[in-house]
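Chain letters run A, B, ... following the sequence lines, proteins first, then strands; residues in each count from 1.
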2 protein chains.
Amino acid sequence: MFCHVAPRPRNAEATRAAILEAARERFARESYDDVGMRDIARDVGVDAALVSRYFGSKEDLFIAVLNASGDKTRIIEGDRATFGQRMAREAIYKEQGPGKLEHMLIMLRSIGSTKAAELVQRNGQDRFFGPFEQWLGGPDAPVRARLAASIMMGVFIGSELCPDDLTPDQCAAMEQRMAAILQALIDG
Amino acid sequence: MFCHVAPRPRNAEATRAAILEAARERFARESYDDVGMRDIARDVGVDAALVSRYFGSKEDLFIAVLNASGDKTRIIEGDRATFGQRMAREAIYKEQGPGKLEHMLIMLRSIGSTKAAELVQRNGQDRFFGPFEQWLGGPDAPVRARLAASIMMGVFIGSELCPDDLTPDQCAAMEQRMAAILQALIDG
DNA sequence: CCATTAAGTCACCGGGCGTTGACTACCGGC
DNA sequence: GCCGGTAGTCAACGCCCGGTGACTTAATGG
């Protein structure tokens, strides 16, 4: 009988990446305050001290997660004509997994924590809101960007952080309405 | 020279009410996790032990705050024709103070905390979402209610939890756009 | 085959948390 | 005028957190 799982081969770079990945998944499911260094370490199968060693502090680790996750969040791609449809689909059905809107999810989870709020705001401004506003263009771009982003955040919270009890038909109806609203904002 | 402020007169009921009020203000500004029993006690000018004594536990205190605050949240009043306008004004300018949408603010602040999320979800469903959906009526009421509530939540987060750097003109434009979107959802 | 060095672990620290039981001081009624 | 009960305080407990220095173990080059 095996008492130990196969010990991870000694590879600092791979271990560091594994920690970052585990942290990303944790922070996408729990808030900054609720995620513990020991939780992340247990997920990877290492000692908690190693997490502190590799990333300096919990705050630095969170920043690293935000930066790493932000790379994959290419919200703005594809043509403008289907933006509303795409975003509505993402926000409502939100196929799990890395990339996509996970970056937004991580930010929303921890935006309540005073320790993480500042980081979240700065990161969201730089990596999400700023580019979005610039991409949008046109008259009232700041207002339209802000409103569109707010709507996406709100639907995200409604469908991810709160339990979902909508039927498939209702989801489809909601998707359609949301897409129309967003698209109207995009088009001006 | 006075070394002590006037000691609070011995009145259990008044002290209890003062604790509840202080807790309400704290929970409206910080998340469940960030608010400490000692913080609340300090605001009132009593010992932290008294807070536990009067309300049993932090969780019970939070529930009491949600219930007490919910009474004043009469979202649904006034005529339907101006609902969008009223809500947009509330969400964007959100004159501070008890009542109004403070209940929603308290819920949003702590929705990230796993310890408070369940309470928030149940309370929000019972005191906010359910009545709202019922009041809305008409075709697709659940979908429209959910979408309208999500939009309000999103704008709330955007304007309260994130710093506001919109000019008065931009605020007015945003208010107008948001009001139109909400009103369209209300009317069907 | 061993020495060196990096990778990872272990024990522990200081601090903050919510909560509790023992204690004190005040106030109304006799 | 004191006395019982209640409002409020105090000190402490157990727990968990993030972080650190000393130690152990494994890989690697000679």
Positions of residues 46-57 of chain A (non-hydrogen atom under 4.0 Å from DNA chain C), listed by number =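 Output list: A/Val46, A/Asp47, A/Ala49, A/Leu50, A/Arg53, A/Tyr54.
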
So, [X] and [Y], do they make that salt bridge, N to O below 4.0 Å?
X: B/Glu175; Y: B/Arg89; result: yes
X: A/Asp140; Y: B/Arg177; result: yes
X: B/Glu118; Y: B/Arg122; result: yes

Gap between atoms [atom1] and [atom2], on [X] and [N] respectively (whole Å):
X: B/Lys58; N: C/dT20; atom1: NZ; atom2: P; result: 15 Å
X: B/Asp39; N: C/dG16; atom1: CG; atom2: P; result: 12 Å
X: A/Tyr32; N: D/dC17; atom1: OH; atom2: P; result: 14 Å
X: A/Arg10; N: D/dG29; atom1: CZ; atom2: C1'; result: 17 Å
X: A/Arg42; N: C/dG8; atom1: CZ; atom2: P; result: 19 Å
X: B/Ile19; N: D/dA7; atom1: CD1; atom2: P; result: 12 Å
X: A/Lys115; N: C/dG15; atom1: NZ; atom2: P; result: 16 Å
X: B/Met37; N: C/dC17; atom1: CE; atom2: P; result: 12 Å

Measure from NZ or CZ of A/Lys115 to the centre of the six-membered ring of A/Phe62, then state whether that distance is under 6.0 Å and the direction lies within 45° of the axis.
->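 No, a cation-pi geometry is absent between A/Lys115 and A/Phe62.
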
Judged by atom type as modelled, is there a donor-acceptor pair below 3.5 Å linking the side chain of A/Arg146 to the main-chain atoms of B/Leu166?
->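 Checking the backbone N and O of B/Leu166 against the side chain of A/Arg146, no donor-acceptor pair under 3.5 Å is found.
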
Among the nucleotides C/dA7, D/dG18, D/dA7, which one has an atom lying closest to any side-chain atom of A/Arg38?
->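 From the listed options, D/dG18 comes nearest.
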
Applying salt bridge (Lys or Arg N to Asp or Glu O under 4.0 Å), run through A/Glu21 and A/Arg24 and close with a yes or a no.
-> CA-CA 5 Å; A/Glu21 167 67 16; A/Arg24 197 175 56 80; 2.8 Å; yes

At under 4.0 Å between heavy atoms, what does B/Val35 touch on the DNA or RNA strands: base, sugar-phosphate, or nothing?
->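 Since only primed, P, OP1 and OP2 atoms lie under 4.0 Å of B/Val35, the category is sugar-phosphate.
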
